[in-house]
Structure formats: structure tokens, C-alpha cells
2 protein chains.
Amino acid sequence: MNMQQIRYFLALSEERNFRRAARKCNIAQPSLTNAIKALEQELGGPLFWRKRPRIEMSTLGDAVLPHFTRIAYELESMHATAKGLAGTPTFPAAERDFMMTT
Amino acid sequence: MNMQQIRYFLALSEERNFRRAARKCNIAQPSLTNAIKALEQELGGPLFWRKRPRIEMSTLGDAVLPHFTRIAYELESMHATAKGLAGTPTFPAAERDFMMTT
DNA sequence: CAATGTTACGATACACGTAATCATA
DNA sequence: TATGATTACGTGTATCGTAACATTG
């Protein structure tokens with residue numbers, strides 16, 4: 001599983017439409033189909049039911065949604081943290097503590 | 001970024017040794033080096049300081065560790081959830097709600 | 001020199017796009 | 001028949017392992 005798949009899943013759960021979700025993620029429609037299919041295979045069941053005109057979440061999809069949401073949040077805040085530290089000299093923790101106590 | 005990289009990072013932060021961490025992850029040592037290097041590139045700085053005899057966390061490494069820990073936890077509990085639903089007929093949520101209220 | 005980390009490099013697998021096909025409202 | 005999802009397939013990139021090299025205690 002990769003992080004992109006999580007972004008794709010969340011986009012699809014918001015849009016309920018492969019076309020729009022794919023555009024939102026800046027990928028082609030078939031790529032989204034494949035990514036979601038791989039995710040479903042990994043989790044052992046369908047995440048969405050392909051219905052017209054809108055796609056519906058499956059029970060499994062509903063179950064994993066909050067987990068993916070939290071993971072996405074962690075990733076975002078982590079990147080923000082990393083960005084905040086960019087450029088600063090990141091000494092090893094031990095040395096940093098040493099410097100602070102001196 | 002992929003989930004493997006997170007597992008690798010956590011293993012390395014526990015072992016503080018590429019050799020042991022790689023064995024723990026069932027990959028070769030050079031693969032771990034490459035994976036960590038890619039992660040460091042993505043986050044914009046070193047996560048570890050390569051010292052003998054033990055590796056030390058950098059400030060950035062310390063900063064992202066709790067995020068990765070929480071992500072790993074989410075993944076684990078999500079897989080447990082998915083496993084619990086495996087085999088059960090996962091109707092679309094709408095239909096399931098319909099069935100429940102009838 | 002023994003132990004540990006990094007480069008180099010080739011093979012396999014994966015992600016993505018384009019084009020063609022299928023399904024349904 | 002128009003819209004939207006899937007399948008087929010080619011291509012570039014990434015991941016991984018083996019082997020050779022570098023470093024340091």
C-alpha cells in the first residue's frame with residue numbers, strides 16, 4: 001500500500017465518481033480504477049459499489065475511511081513539521097541536548 | 001512515500017543499526033540504506049546520524065517518529081478491522097441501513 | 001582486520017497513460 | 001447513444017538483491 005492510494009481513496013469517497021476523483025488527483029481514470037482495485041484486493045473486499053449515477057461506500061469502505069482520514073492528517077502535519085525544520089541544522093538529538101544543557 | 005518505508009524507519013529507530021533493522025524487515029542491508037535515503041530526501045533532511053557503534057536520531061527523525069508511530073498504529077488497527085469484515089457480505093452502506101430499519 | 005554502511009548495477013515489479021471495450025441511464 | 005468504468009498493453013520508474021567498495025573502531 002502506498003500513500004497515493006490513500007489520497008485516491010479519500011478523493012473517491014468524497015466525489016463518489018471515478019472521473020471527478022481522478023481529475024482531482026491529477027491521474028487518468030483507468031489508473032484510479034487500478035489503484036482502487038489493488039487496495040480492495042489488499043483489504044480483502046470491495047470498498048465501493050459501482051452504481052449509477054453515484055458510487056456508494058461498502059461496509060468495508062465505511063469502516064476504513066476514518067483510519068485513512070487520520071493517516072492523511074498525520075501525513076499532512078508531519079510534512080508541515082518537516083518543512084518547519086528544513087534548512088535548520090538538525091543535530092543528533094544527543095548532541096542537541098548536550099548543547100542545550102551547556 | 002510508501003508504507004514499507006515507514007516500517008523500515010520504525011525498525012531502524014528501534015534497532016539503531018542498519019544490519020539488524022534490515023534483518024527485522026526481511027530485506028537486504030543496501031535496500032534499507034536506499035529506502036531510508038529516499039525518505040530523507042523526501043522530508044528534506046537526514047533522519048539519522050550514522051555513527052559508530054550506534055546510529056542516532058536527528059532532530060528531524062525525532063520530530064517525525066511520533067507521526068509514523070501513529071500511522072503504523074492506524075494501519076494495524078485498520079487491517080484488523082478489515083480482517084474482521086472479511087467474508088461477510090459488505091453491502092453498500094445505504095442498503096445496509098435500509099435493511100436495518102426494516 | 002572485523003564489522004558496518006554505501007555504491008554500482010542488473011532484474012523484477014509497480015504505477016501510470018493511451019487506446020479500445022464494456023455497461024447503463 | 002452519451003457518459004462513465006474497466007480491460008489491455010506499452011513504458012518509465014522504483015524496489016530489491018548480489019557483489020564490490022569505503023569506513024571506522
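Throughout, protein chains are lettered first and strands after them, A, B, ... in sequence-line order, and every chain is numbered starting at 1. Because the structure is a prediction, the values reported are computed rather than measured.
With C:dC16, D:dA5, C:dG5 as the candidates, the nucleotide lying closest to the side chain of A:Gln4 is C:dC16. The side chain of A:Asn2 sits closest to C:dA15 out of D:dT6, C:dT4, C:dA15. Nearest to the side-chain atoms of A:Arg52 among the listed nucleotides D:dG17, C:dA25, D:dT23 stands C:dA25. For B:Pro30, the listed nucleotide lying nearest its side chain is D:dT18; candidates were D:dT18, C:dT4, D:dT7. Closest approach to the A:Arg50 side chain among C:dG17, D:dT6, D:dT24 is made by D:dT6 (side chain taken as heavy atoms from C-beta onward). Side-chain proximity of A:Asn34 to the nucleotides C:dG17, C:dG5, D:dA5 is greatest for C:dG17. Among C:dG5, C:dG17, D:dG17, the nucleotide with an atom closest to any side-chain atom of B:Thr33 is C:dG5.
Heavy atoms of B:Ile55 sit under 4.0 angstrom from primed sugar atoms or phosphate atoms, though from no base atom. Residue-level contact check: A:Tyr8 touches the backbone only, with heavy atoms under 4.0 Å from sugar-phosphate atoms and none from bases.
With salt bridges taken as basic N to acidic carboxylate O contacts below 4.0 Å, one links A:Lys24 and A:Glu14.
Rounded to an integer number of Å, the gap from A:Phe18 CZ to D:dG4 C1' is 10 Å. In this structure, B:Phe48 atom CZ and C:dT6 atom C1' are separated by 16 Å, rounded to whole Å. The distance from atom CZ of B:Arg16 to atom P of C:dT4 is 17 Å, rounded to the nearest whole Å. In this structure, A:Ile27 places its CD1 atom 12 Å from P of D:dT6, rounding to the nearest Å. Across the protein-nucleic acid pair, A:Asn17 atom CG and C:dT24 atom P stand 16 Å apart, rounded to whole Å. Across the protein-nucleic acid pair, B:Met1 atom CE and D:dT15 atom P stand 12 Å apart, rounded to whole Å. If you take CG of A:Asn26 and P of C:dA15, they are 18 Å apart, rounded to a whole angstrom. For A:Glu40 and D:dA5, the CD to C1' distance is 12 Å, given to the nearest whole Å.
Taking the six-membered ring for Trp and the full ring otherwise, A:Phe9 and A:Phe48 have centroids separated by under 6.0 Å.
Between the side chain of A:Glu40 and the backbone N or O of A:Leu47 there is at least one donor-acceptor pair closer than 3.5 Å. Counting only distance, with no hydrogens or angles, the side chain of B:Ser58 and the backbone of B:Pro46 share a donor-acceptor pair below 3.5 Å.
Interatomic distance, CZ of A:Arg50 versus OG1 of A:Thr33, reported as 7.0 Å (0.5 Å rounding).
For the pair A:Pro53 and A:Gln29, both in contact range of DNA chain C, the more 5′-proximal nearest nucleotide belongs to A:Gln29.
For D:dA5, the OP1/OP2 oxygens have no side-chain nitrogen or oxygen of A:Lys37 closer than 4.0 Å. A sub-4.0 Å separation between OP1 or OP2 of C:dG17 and a side-chain N or O of A:Ser31 is present.
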